[in-house]
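Encoded as structure tokens, the structure appears first; notes follow it.
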Amino acid sequence: MNKKLKNDAVDQLFDAILCLEKKEECYNFFEDLCTINELLSLSQRLDVAIMLRQKKTYMEIAEKTGASTATISRVNRSLNYGCDGYDLIFERMGVDSEAQV
């Protein structure tokens, strides 16, 4: 965990997210919390991460998601050198390297 990220306000945000129980609650909370573009960017990064896990090329990913190569590279760096947060989510979502996006 990045020590620069850890503070009471971020803890409160994560506590709030952990209170959500249904997808509709997530839609409502995140629509209030984020701009549409911010939420679409977050979902795009997850799509990119899944496709990278599936060994798709940057070009394939860019064409399918509309993500820039800079975004794809940033997500790839997180997959390789991050805190394994994506891996945890992939495991819990049942995402594997063979699945299609």
Side-chain angles (χ1 to χ4, degrees):
M1 175 183 23
N2 186 333
K3 290 183 187 344
K4 293 179 183 176
L5 182 63
K6 177 93 169 109
N7 66 41
D8 289 342
V10 175
D11 281 350
Q12 183 173 317
L13 171 63
F14 293 159
D15 287 340
I17 292 168
L18 290 169
C19 289
L20 301 170
E21 295 178 5
K22 298 177 182 155
K23 195 178 294 189
E24 188 64 31
E25 293 174 346
C26 291
Y27 272 100
N28 292 338
F29 179 68
F30 280 95
E31 190 172 338
D32 285 349
L33 181 66
C34 302
T35 66
I36 291 173
N37 285 338
E38 288 168 337
L39 196 48
L40 293 175
S41 291
L42 291 171
S43 64
Q44 181 187 63
R45 289 178 194 163
L46 181 58
D47 280 345
V48 167
I50 291 168
M51 293 180 78
L52 286 167
R53 174 90 176 251
Q54 296 169 345
K55 308 292 187 218
K56 304 289 186 197
T57 67
Y58 276 34
M59 181 168 284
E60 289 174 306
I61 295 168
E63 287 175 3
K64 171 105 179 175
T65 66
S68 68
T69 55
T71 295
I72 297 167
S73 179
R74 190 175 313 115
V75 171
N76 194 44
R77 187 171 43 253
S78 291
L79 284 170
N80 291 317
Y81 305 107
C83 300
D84 298 325
Y86 281 117
D87 290 334
L88 176 65
I89 292 303
F90 293 159
E91 181 181 320
R92 291 189 181 166
M93 290 178 70
V95 173
D96 63 30
S97 59
E98 305 303 318
Q100 296 296 314
V101 174

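Just so you know, these numbers use all the heavy atoms, side chains as well, and skip hydrogens, waters and symmetry mates.
Other residues, nucleotides and ligands contribute more than 12 heavy atoms inside 6.0 Å of the CD atom of E38. Environment of CG in L88: crowded, with over 12 heavy atoms of neighbouring residues, nucleotides or ligands closer than 6.0 Å. Within a 6.0 Å radius of CG in D8, other residues, nucleotides and ligands contribute 12 heavy atoms or fewer. Residue-environment remark: CZ (F29) exceeds the threshold of 12 foreign heavy atoms within 6.0 Å.
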Handout entry: side-chain contact (heavy atoms from CB on, under 4.5 Å) assessment of V75 paired with L46
Key = CA-CA 8 Å; V75 171; L46 181 58; over 6 Å; no
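Closest approach of D11 to K6, counting heavy atoms only: OD2-NZ, 2.8 Å. Minimum heavy-atom separation, L79 to A49: CD1-O, 3.8 Å. Heavy atoms only, all atoms of each residue included: E25 and E21 are closest at OE1-N, 2.5 Å. S73 approaches Y58 most closely through the heavy-atom pair CA-OH, 3.5 Å. In this structure, L39 and C34 approach most closely via the heavy-atom pair N-CB, 4.2 Å.
No single ILVMFWY cluster, assembled from side-chain heavy atoms under 4.5 Å apart, contains both I72 and L42. By the rule that hydrophobic residues join a cluster once side-chain heavy atoms approach within less than 4.5 Å of another member, F90 and M93 end up as members of one cluster.
For the residue pair T57 and E60, a side-chain donor N or O sits within less than 3.5 Å of a side-chain acceptor on the partner.
Note: L52 CG to I61 CD1 = 3.5 Å, rounded to the nearest 0.5 Å. Atom NZ of residue K56 and atom NZ of residue K64 lie 8.5 Å apart, to the nearest 0.5 angstrom. Interatomic distance, CG of L33 versus CG of L13, reported as 6.0 Å (0.5 Å rounding). Between the CD1 atom of I89 and the CD1 atom of I50 there is a distance of 10.0 Å, given to the nearest 0.5 Å. A distance of 9.0 Å separates SG of C83 from CG of L5, quoted to the nearest 0.5 Å.
Between the side chain of E31 and the backbone N or O of N28, no donor-acceptor pair lies under 3.5 Å. Remark: side-chain polar atoms of Q44 are paired, donor with acceptor, to backbone N or O of T65 under 3.5 angstrom. Within the 3.5 Å criterion, the main-chain N or O of N76 finds a donor-acceptor partner in the side chain of N80. For the pair D84 (side chain) and D87 (backbone), a donor-acceptor distance under 3.5 Å is absent.
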